[in-house]
Amino acid sequence: MHDLIIRNGYIVDGTGAKGFLGDIAIDGERISRIDTSIDEKGLKEIDAYGKIVIPGFIDPHVHEEWVCMIDGTYELFLRQGVTTVVNGNCGHSIAPGPVDNVIDYYWGNGLMSTKQRDEYKKRFPQWSDYAGYKKAVEDKGTNINFATLLGHGTIRWSVMEGACDRPPTPEEAEKIEGIIRRSMEQGAWGISFGLDYVPSRYADMYELVTVAKLVAEYDGTAAAHLRHSIGIKEATDEFIEVGRRSGVKLQVSHLKPTCPDAFDSVARAAESGLRILADTIPRSTGHCTGKARLIQFTMALSDELFAGGPEGVKKALLTKEGREMIKKDAYIFAGDKSDKFIILSQDPHLEGRSVKDIAREKGIDADECMLDLIGDDNDYVFWLGGPSREDFPETGHMDSIVSNPYVCVGTDEILGDVEDPFDWYELQRRGGFPIFMQMYLSKGVAVEEIVRRNTSMVARHFGMKERGELKKGSFADIAVIDLENYRFPSPKEIDYRKPLTMADGVDTVIVNGKITLEKGQLKSAYSGKVLNRDTK
């Protein structure tokens, strides 16, 4: 008698091998048998007839490291068939503690609202290092597995006591090294850089390589939000050079499919022997952002305004000099504002209209109109980028990207506010895996290859032992998917007033042998783990 048996499914094992009809038996946390037919009974049985049975997808680029402190169900990932995520991306980190320090950093980078900052300082459990964070998550419970990177930005900011546009002093460099070594020895998976963001953007090649060499000593992984200001291809090549000089494994984060040459650089680097993968967001709308959060982002993206906080931004909005400062750095001022919309407003006359259209009606410059809206006393939710972002377009990927065997999904799911979903959200990333699946199937890629790229390939790259593949003895992280109905609404179909829209088509998900989604119904098994590097 087995604990659980999945019967009659089309088993795609994650290796790229041709799938087959069969059964899978699970006992405890692990797969105990896979065969074309299993005669023994199960205490519980799942009929997967007409569905694919795969290793749970692994998402190498998310920002969910503290969300479990509020809600550990992670339904949006389960409904995509995701069982493991890599947290701590773009330079943002849960270490070093104490917790108040981490929260202050996230707030300063616009990743927590002022309300969240104040509430979370009261509500979050305390931790002081990676090991403490791991225990805090385990005490709270999570439905999915975490692998967690250290954030270069958080560590640098903490040690240097701010966003300093200079190299670390020898003393500061020693402290940074100490934090990284201690965390890696406690099981952290590597480091992430946010090279568009303060303060990681201040790191030169020497600093990046120095940090990457530390991580390489532990066979960890270095991920990077690239330095896009120098060009996508150029930024990709810069990070590849970090890998060449340091020997570290590289994860190129949310690489933009509008630059196929950058994907070619990744493939050439991999074929030359560099250990490298690239993840990409299959499709993205603009960010839907409340005004208070937008003011925080404006602060975080400006060298001059970062130290002044949101109040500094509000003061800058009152002067011509301050407005010019904001326009210089803030990404919201790119373009003619035809892709910047107001989607929720206290004034219904403004809803659903672009800032360009509102400016035309008022007879003013579109940039000045945007600044006026940010600076007035009304509440708005802005849609920055509209229904389809140019850098992650609805049209899909070029053939050279589709055929690149080193490309996987990274949803870059944003943190937002679990308790206030209209604060900050995005309308396509919650469906990254079904979008990728359907996009690549339509391009003639076999389902077995799509599954491989998003399971065993990622697991092997990061060093996740006994995960990402369906075989006897592996941990039972499994998704049962109705492939014909596995989908997410397109930008034309989705309702921008529903920030919690989730994917369809996932029948059942099992994490470490426990059912977390059963026939489409969410379960609170909390069987996920904070995985340690070099441990099972």
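Counting from 1, the numbers follow the sequence of the chain as shown.
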Pair H397, Y440 - check ring-ring contact (aromatic ring centres under 6.0 Å, His included), show working. CA-CA 9 Å; H397 298 169; Y440 277 53; 5.6 Å; yes

Steps toward side-chain hydrogen bond (donor to acceptor under 3.5 Å, both in side chains) verdict (S474, E466): CA-CA 5 Å; S474 288; E466 299 174 342; over 6 Å; no

Could you pull out all residues at least two apart from [X] that satisfy salt bridge (Lys or Arg N to Asp or Glu O under 4.0 Å)?
X    : value
D261 : none
D412 : R429
R33  : D35, E40
K233 : D237

With a 3.5 Å distance limit and no angle check, can you tell me whether [X] reaches the backbone of [Y] through a side-chain donor-acceptor pair?
X    : Y    : result
Q251 : T221 : no
W189 : G463 : no
T455 : P55  : no
Q438 : L483 : yes

Does the gap between the ring centers of Y133 and W66 come in under 6.0 Å?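 No, the ring of Y133 stays outside the 6.0 Å limit from the ring of W66, centre to centre.
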
Ring centre gap for F392 and H254 strictly below 6.0 Å: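 No, they do not, as the ring centres are separated by 6.0 Å or more.
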
Could you note down all residue pairs passing salt bridge (Lys or Arg N to Asp or Glu O under 4.0 Å) where [range] supplies at least one of them, sequence neighbours left out?
range            : result
residues 49-64   : none
residues 126-142 : D129-R182, K134-E138, K135-D139
residues 150-159 : R156-E207
residues 271-281 : D219-R275

Take I144 and V82, measure what side chain to side chain contact (heavy atoms under 4.5 Å, CB included) needs, and give me the verdict at the end. CA-CA 8 Å; I144 59 176; V82 174; 5.5 Å; no

Taking atom types as modelled and ignoring hydrogens, do the side chains of [X] and [Y] form a donor-acceptor contact shorter than 3.5 angstrom?
X    : Y    : result
Q80  : Y486 : no
D482 : N485 : yes
Y49  : R7   : no
E65  : T148 : no

Testing F193, Y197, F239 one by one against H225 for a ring pair (Phe, Tyr, Trp, His ring centres under 6.0 Å), which residue passes?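 That would be Y197; it is the only one of F193, Y197, F239 passing the ring pair (Phe, Tyr, Trp, His ring centres under 6.0 Å) with H225.
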
Please confirm whether R30 makes a cation-pi placement over F475, using NZ or CZ under 6.0 Å from the six-membered ring centre and within 45° of the ring normal.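 Yes - R30 lies over the ring of F475, closer than 6.0 Å to its centre and within 45° of its axis.
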
Measure the shortest side-chain to side-chain distance between [X] and [Y] over non-hydrogen atoms and say whether it is less than 4.5 angstrom.
X    : Y    : answer
C90  : H63  : yes
Y406 : I276 : no
N512 : D477 : yes
H152 : S192 : no

Identify the residue among D196, D391, T236 that makes a side-chain hydrogen bond (donor to acceptor under 3.5 Å, both in side chains) with H228.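 Running side-chain hydrogen bond (donor to acceptor under 3.5 Å, both in side chains) over D196, D391, T236 with H228 returns exactly one hit, D196.
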
Any side-chain hydrogen bond (donor to acceptor under 3.5 Å, both in side chains) involving residues 82-97? Give me the pairs, sequence neighbours left out, ordered by first then second residue.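 Checked against side-chain hydrogen bond (donor to acceptor under 3.5 Å, both in side chains) - neighbours excluded - the pairs reaching residues 82-97 are H61-N89, T84-N145, H92-Y105.
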
With the threshold set at 4.0 Å, does a side-chain nitrogen-carboxylate oxygen contact exist between K514 and E29?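 Between E29 and K514 there is no salt bridge, as every charged N stays at least 4.0 Å from the carboxylate O atoms.
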
Could you tell me whether E45 and K41 make a salt bridge, using a distance below 4.0 angstrom between a side-chain N and a carboxylate O?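 So E45 does not pair with K41 through a salt bridge.
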
Please check if the number of heavy atoms outside M398 that lie under 6.0 Å from its CE is greater than 12.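 Check fails, neighbour count at 12 or below.
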
Test side chain to side chain contact (heavy atoms under 4.5 Å, CB included) on V509 and L78 and set out the steps. CA-CA 7 Å; V509 178; L78 297 176; 3.8 Å; yes

Got a second to check how far [X]'s [atom1] is from [Y]'s [atom2], nearest 0.5 Å?
X    : Y    : atom1 : atom2 : result
K44  : E518 : NZ    : CD    : 3.5 Å
K213 : L208 : NZ    : CG    : 12.5 Å
S183 : L149 : OG    : CG    : 11.5 Å
K471 : I24  : NZ    : CD1   : 14.0 Å

Go through the steps to decide whether I155 and I191 satisfy the test side chain to side chain contact (heavy atoms under 4.5 Å, CB included), and finish with yes or no. CA-CA 10 Å; I155 295 171; I191 195 84; 4.2 Å; yes

K249: which residues meet the side chain to side chain donor-acceptor pair (under 3.5 Å) condition with it, sequence neighbours left out?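 Expected list: none.
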
Only pairs under 3.5 Å count here: list side-chain donor-acceptor contacts from residues 8-21, not counting sequence neighbours, and write none if there are none.
unit_1, atom_1, unit_2, atom_2, d
N8, ND2, D47, OD1, 3.3
Y10, OH, G19, N, 3.4
Y10, OH, G19, O, 3.4
Y10, OH, E448, OE2, 2.9
D13, OD1, T15, N, 2.9
D13, OD1, T15, OG1, 2.7
D13, OD2, T15, OG1, 3.4
T15, OG1, A17, N, 3.2

Scan residues 67-87 for pairs that pass ring-ring contact (aromatic ring centres under 6.0 Å, His included), counting only residues two or more places apart or in two chains.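 Checked against ring-ring contact (aromatic ring centres under 6.0 Å, His included) - neighbours excluded - the pairs reaching residues 67-87 are Y74-F146.
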
